[in-house]
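Numbers restart at 1 for each chain; the letters A, B, ... are given by sequence-line order, proteins then strands.
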Number of protein chains: 2
Amino acid sequence: MSFAPLKNDTFVRACLGQATDYTPVWLMRQAGRYLPEYCATRAQAGSFMGLATNVDYATEVTLQPLARYPLDAAILFSDILTVPDAMGLGLSFQQGEGPKFERVVRDEAAVASLAVPDMAKLRYVFDAVTSIRRALAGRVPLIGFSGSPWTLACYMVEGGGSSDYRHVKTLMYARPDLMHRVLAVNADAVAQYLNAQIDAGAQAVMMFDSWGGVLADGAFQTFSLAYTARVLAQLKRTGADGAVVPRIVFTKGGGLWLPEMRALDCEVLGLDWTMDLGRARAIVTAAENADATNAKALQGNIDPNMLFAPPEAIRAEVRRVLDAFGRPHTDTAPRGSTHIFNLGHGISQFTPPDHVAHLVDEVHRYSRQLRAR
Amino acid sequence: MSFAPLKNDTFVRACLGQATDYTPVWLMRQAGRYLPEYCATRAQAGSFMGLATNVDYATEVTLQPLARYPLDAAILFSDILTVPDAMGLGLSFQQGEGPKFERVVRDEAAVASLAVPDMAKLRYVFDAVTSIRRALAGRVPLIGFSGSPWTLACYMVEGGGSSDYRHVKTLMYARPDLMHRVLAVNADAVAQYLNAQIDAGAQAVMMFDSWGGVLADGAFQTFSLAYTARVLAQLKRTGADGAVVPRIVFTKGGGLWLPEMRALDCEVLGLDWTMDLGRARAIVTAAENADATNAKALQGNIDPNMLFAPPEAIRAEVRRVLDAFGRPHTDTAPRGSTHIFNLGHGISQFTPPDHVAHLVDEVHRYSRQLRAR
């Protein structure tokens with residue numbers, strides 16, 4: 001496959017620890033319900049899955065936020081639950097209730113029948129990746145993504161969202177053997193899924209470990225981190241065009257485990273708003289970790305609820321977060337971490353769209369100013 | 001007021017950093033829906049608030065778990081939302097939906113009308129404290145409690161539980177002046193409330209900062225920790241009987257901020273299951289914090305969902321948590337932190353009651369064995 005050359009490579013350079021003229025920015029869930037044009041397209045599509053499974057719609061909504069804001073990356077419009085859906089669990093989205101699976105995985109028989117799905121069932125995703133990459137025409141890079149093995153397991157065992165993760169933790173604590181099998185299948189499925197996205201044109205890939213942070217210390221390392229590592233070990237390192245494909249891992253609530261996460265074989269670690277970026281940077285660039293192959297870029301981490309404040313307060317918070325990360329990495333500075341600006345979690349559906357423009361503008365403006373000092 | 005002398009002072013001694021023969025244990029929400037006898041009493045009372053506002057019922061349910069398990073402390077049966085209810089916000093509990101306030105605090109007028117409530121409105125709580133203390137007859141100490149100023153503010157602004165804390169964070173980010181006023185009123189109300197519980201017979205007090213962990217770094221210190229400190233500064237140091245009253249602060253999700261929390265003027269810090277107890281102990285006993293006045297006991301931190309595992313797995317996890325804390329403090333050992341065993345959050349209503357017996361027994365058995373080594 002051949003694609004147009006990349007014009008804005010700021011995001012990819014920052015992921016790879018290279019100096020950039022400014023701090024790149026994109027927003028988790030940037031194509032979403034806070035945009036009226038997204039709501040209009042979704043209404044046409046009839047349902048969330050109708051939107052996600054149609055290549056033209058998925059392409060259209062992926063590009064919508066780029067038409068409004070000078071973002072430095074696009075992210076595939078899809079859902080983290082496409083993989084368990086392809087495993088035959090029967091995904092649906094009830095209005096206002098979030099995702100539901102028809103079949104839950106809670107006993108020995110259900111676990112035994114799990115297998116890595118035929119990737120042909122996920123062709124609509126790979127086709128969307130190629131379509132979006134073509135439509136982007138090199139404007140900014142395209143990020144592919146998946147849920148982490150643990151996060152997928154949470155939904156597969158709970159059957160949907162949860163406030164206490166009682167069922168998945170019961171399986172984990174009572175039958176760790178079964179949980180390990182679920183996670184092994186998930187990890188191999190996620191690896192195939194992300195590799196197929198890379199083959200289809202994804203220029204970076206991200207694993208969302210949205211629920212890693214609900215685990216106890218010890219359990220996180222055994223049941224989340226180890227399987228994230230299992231995925232990473234299987235990922236292709238270059239895309240269809242021969243370019244290096246950066247890998248991003250985001251564990252919501254994972255700040256406490258950053259000393260262990262920095263050993264992951266990936267380029268970027270995402271952080272939520274509970275972690276001070278300066279402290280995180282000190283951890284990932286600590287002396288015992290200073291070799292170039294292990295240097296990690298950091299992605300994050302403004303609280304999405306900050307976007308409900310007035311524009312001047314948003315701009316001040318953007319400056320605070322950029323200042324917390326500290327002096328930008330430049331070619332002449334000592335080797336250190338780089339920063340990709342983002343929210344610490346997905347943008348709220350209630351966000352005023354014009355507030356987002358202030359955030360993006362202030363990231364670009366102030367981060368250029370920091371480099372000029 | 002005079003009360004029977006305390007027979008089992010293990011919990012109080014551990015709170016004060018003194019050596020004990022074994023590790024004391026109690027469980028957050030130990031009087032609750034997982035106990036059939038609690039459900040029977042609640043059915044008689046007609047509603048949750050009917051239970052909490054009736055001195056006899058509150059006494060009865062507080063003592064129920066002690067009849068089943070050799071726990072080392074009792075905790076007042078009440079709710080963290082009694083204080084905002086006394087402020088006139090109109091608390092109710094809808095079946096299966098959690099707490100709701102009739103009136104929310106989201107604008108300048110609502111904030112301006114807030115005031116520290118007349119403690120006479122909370123007399124039912126103080127009467128319950130005295131009644132329970134008498135009924136305990138010195139068997140174990142009684143813990144009084146309150147929500148933290150920030151956690152109360154979450155409910156007051158959201159009007160109930162929340163998944164995203166959008167309203168309270170909007171107020172905080174958009175009108176920090178109003179949020180500071182809410183928190184100042186809350187802090188002074190909580191201080192009066194806890195002091196009245198101490199006067200009524202509470203032998204320790206605990207502040208539940210259940211939602212401190214949803215705040216961004218920086219915002220936590222400004223909007224939660226500072227007001228927790230404001231409460232602590234106003235608390236009485238001794239009870240009606242002249243005994244020292246230990247103060248416990250628990251921030252769910254607060255592990256990242258332990259280096260800052262250790263400076264709080266309290267005796268005990270509670271931890272949820274995401275934090276390794278050995279790492280926490282190293283932080284609170286670090287050289288720069290080694291003076292006796294600042295030594296902190298640690299309370300926690302098993303995942304309540306662990307109680308769904310078979311008894312042998314529960315016992316193994318209890319041993320793992322005790323081992324994580326490490327060598328118990330003894331009179332001859334160097335000064336260090338002490339440990340009070342607990343869950344990392346309230347016990348689930350679905351917990352099999354006989355599983356709790358295994359947890360309590362293993363804490364006592366294995367922690368004695370650790371001291372005999």
Next on the checklist: Are A/Tyr173 and B/Asp303 packed together at the side-chain level, in the sense that at least one heavy-atom pair is separated by less than 4.5 angstrom?
Outcome noted: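 Side-chain contact under 4.5 Å: yes.
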
What part of [X] lies closer than 4.5 angstrom to a heavy atom of chain A: side chain, backbone, both or neither?
X: B/Thr274; value: both
X: B/Arg279; value: side chain
X: B/Leu215; value: backbone

Checklist entry - Taking atom CZ of B/Arg166 and atom CD of A/Gln349, what is their separation to the nearest 0.5 Å? => result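 It comes to 7.5 Å.
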
Next on the checklist: Quick check for you: to the nearest 0.5 Å, what is the distance between B/Asp276 atom CG and A/Phe220 atom CZ?
Outcome noted: 14.0 Å

Checklist entry - When heavy-atom pairs shorter than 4.5 Å are enumerated against chain B, which of A/Ala174, A/Ala313, A/Ala219 gives the highest number? => result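 Among the listed options, the one with the most contacts to chain B is A/Ala174.
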
Next on the checklist: Using a 4.5 angstrom heavy-atom cutoff, name the option from B/Ala309, B/Gly344, B/Ala216 with the most pairs to chain A.
Outcome noted: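 Of B/Ala309, B/Gly344, B/Ala216, B/Ala216 has the most heavy-atom pairs under 4.5 Å with chain A.
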
Checklist outcome for this item: Nearest heavy-atom approach of B/Asp217 to A/Arg320 is O-NH2, 3.5 Å

Next on the checklist: Test side-chain contact (heavy atoms from CB on, under 4.5 Å) on A/Lys169 and B/Phe308; report intermediate values, then the result.
Outcome noted: CA-CA 8 Å; A/Lys169 286 184 171 182; B/Phe308 296 113; over 6 Å; no

Checklist entry - Does B/Asn305 reach the main-chain N or O of A/Asp164 with its side chain, forming a donor-acceptor pair under 3.5 Å? => result yes

Checklist entry - Counting only heavy atoms not in A/Arg33, do more than 12 sit closer than 6.0 Å to its CZ atom? => result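 Check fails, neighbour count at 12 or below.
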
